[in-house]
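This report concerns only the one structure given below.
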Amino acid sequence: MIDPIIQAILMFMAVVVSIVGSIVVAIWNARDTATVNIIREEYKAFLTLTQLQVTNWQMSHLYCVAKEYPMTKEMVQATVNPTLTEQQKAEYHLKEMNVAIYILTMYEQTVWQLGQSKTMFFHGKRAAFMAFIHRYFTNFILPNPRMRFWWDSEGGNLQSLFEKETIGDYNLCVMPIISKAKAEAKAEAITAKIEYVDKTIDFVDLFGVNQKRTKPDPLGTTATTPGSNP
């Protein structure tokens with residue numbers, strides 16, 4: 001016969017193991033469900049981005065990788081009516097800015113979700129997926145010369161709309177890629193004995209207007225340089 005005390009202890013341990021097991025299974029199932037939901041939402045966001053590309057093909061130069069940017073911008077410029085009114089040009093400018101904001105908002109959401117997934121127990125798959133999405137933005141989309149214009153303080157200065165964590169991530173993950181591209185271009189210019197021109201950022205819009213900001217004046221306002229075709 002088993003001692004009643006030992007029997008009680010065994011029964012108690014069995015109940016504890018059962019409860020712990022149920023909790024672990026619940027956490028595991030919740031983790032899988034959350035990961036699936038995250039992946040579904042990310043793909044939904046990218047589907048929206050793809051639909052934007054189709055309906056706003058005039059903004060194709062914002063979506064391409066840096067190496068394809070010059071050719072893509074030329075193709076987009078070839079479709080632009082040179083007789084557009086100033087109002088129509090302003091509409092183009094606003095549409096470009098709004099698409100850039102959408103892309104950067106997706107990037108900020110990715111930065112936040114990646115940070116959250118790294119702090120959660122049993123969420124390795126989610127962290128790996130978000131790291132993949134994060135690399136897509138930092139390695140391919142954000143180094144785009146026109147996206148750099150919209151982010152940069154001397155350009156559209158959209159960075160002022162985003163959280164410090166996002167700005168920090170941009171400086172940590174995107175700027176080294178930009179610096180590497182600059183160094184390679186400078187080396188090529190020296191070898192070819194030609195003047196180096198920074199092509200990692202494009203201040204010139206589709207209409208040939210230089211939109212680079214001047215330094216703030218004493219009153220704290222900013223202005224852009226007059227339109228030109230550099």
Self-check item: Nearest heavy atoms of Y170 and Y107, plus distance in Å
Solution: N-OH, 3.1 Å

Quiz item: Which heavy atom of L62 sits nearest a heavy atom of M147, and at what distance?
Solution: O-CG, 3.5 Å

Quiz item: Donor-acceptor pair, N98 side chain versus L94 backbone, under 3.5 Å?
Solution: yes

Self-check item: Over all atoms of both residues, closest heavy-atom pair of L84 and V80
Solution: CD1-CG1, 3.9 Å

Quiz prompt | Distance-minimising heavy-atom pair for D198 and K182 | solution = OD2-CE, 3.4 Å

Quiz prompt | Cation-pi check, R135 onto F132 ring (under 6.0 Å, within 45° of axis) | solution = no

Exercise. Mark yes when over 12 heavy atoms from residues, nucleotides or ligands other than F162 sit less than 6.0 Å from its CZ; otherwise mark no.
Key: yes

Quiz item: Between P145 and A66, which heavy-atom pair has the shortest distance, and what is it?
Solution: CD-CA, 4.1 Å

Quiz item: Would you find more than 12 non-hydrogen atoms of other residues, nucleotides or ligands less than 6.0 Å from E163 atom CD?
Solution: no

Quiz item: When the ring planes of Y92 and F207 are compared, do they come out parallel, tilted or perpendicular, using 30° and 60° as the limits?
Solution: perpendicular

Quiz prompt | H93 ring center within less than 6.0 Å of W150 ring center | solution = yes

Quiz prompt | Q109 CD to F137 CZ distance, which is reported to the nearest 0.5 Å | solution = 8.5 Å

Exercise. Work out which heavy atom in Q159 is nearest to a heavy atom in I167; give both atom names and the distance.
Key: O-CD1, 3.5 Å

Exercise. Report the relative orientation of the aromatic rings in F203 and F149; use parallel for angles under 30°, tilted for 30 to 60°, perpendicular for over 60°.
Key: perpendicular

Quiz item: Within the distance-only criterion (no hydrogens, no angle test), does the side chain of N144 pair as donor or acceptor with the backbone N or O of H61 below 3.5 angstrom?
Solution: yes

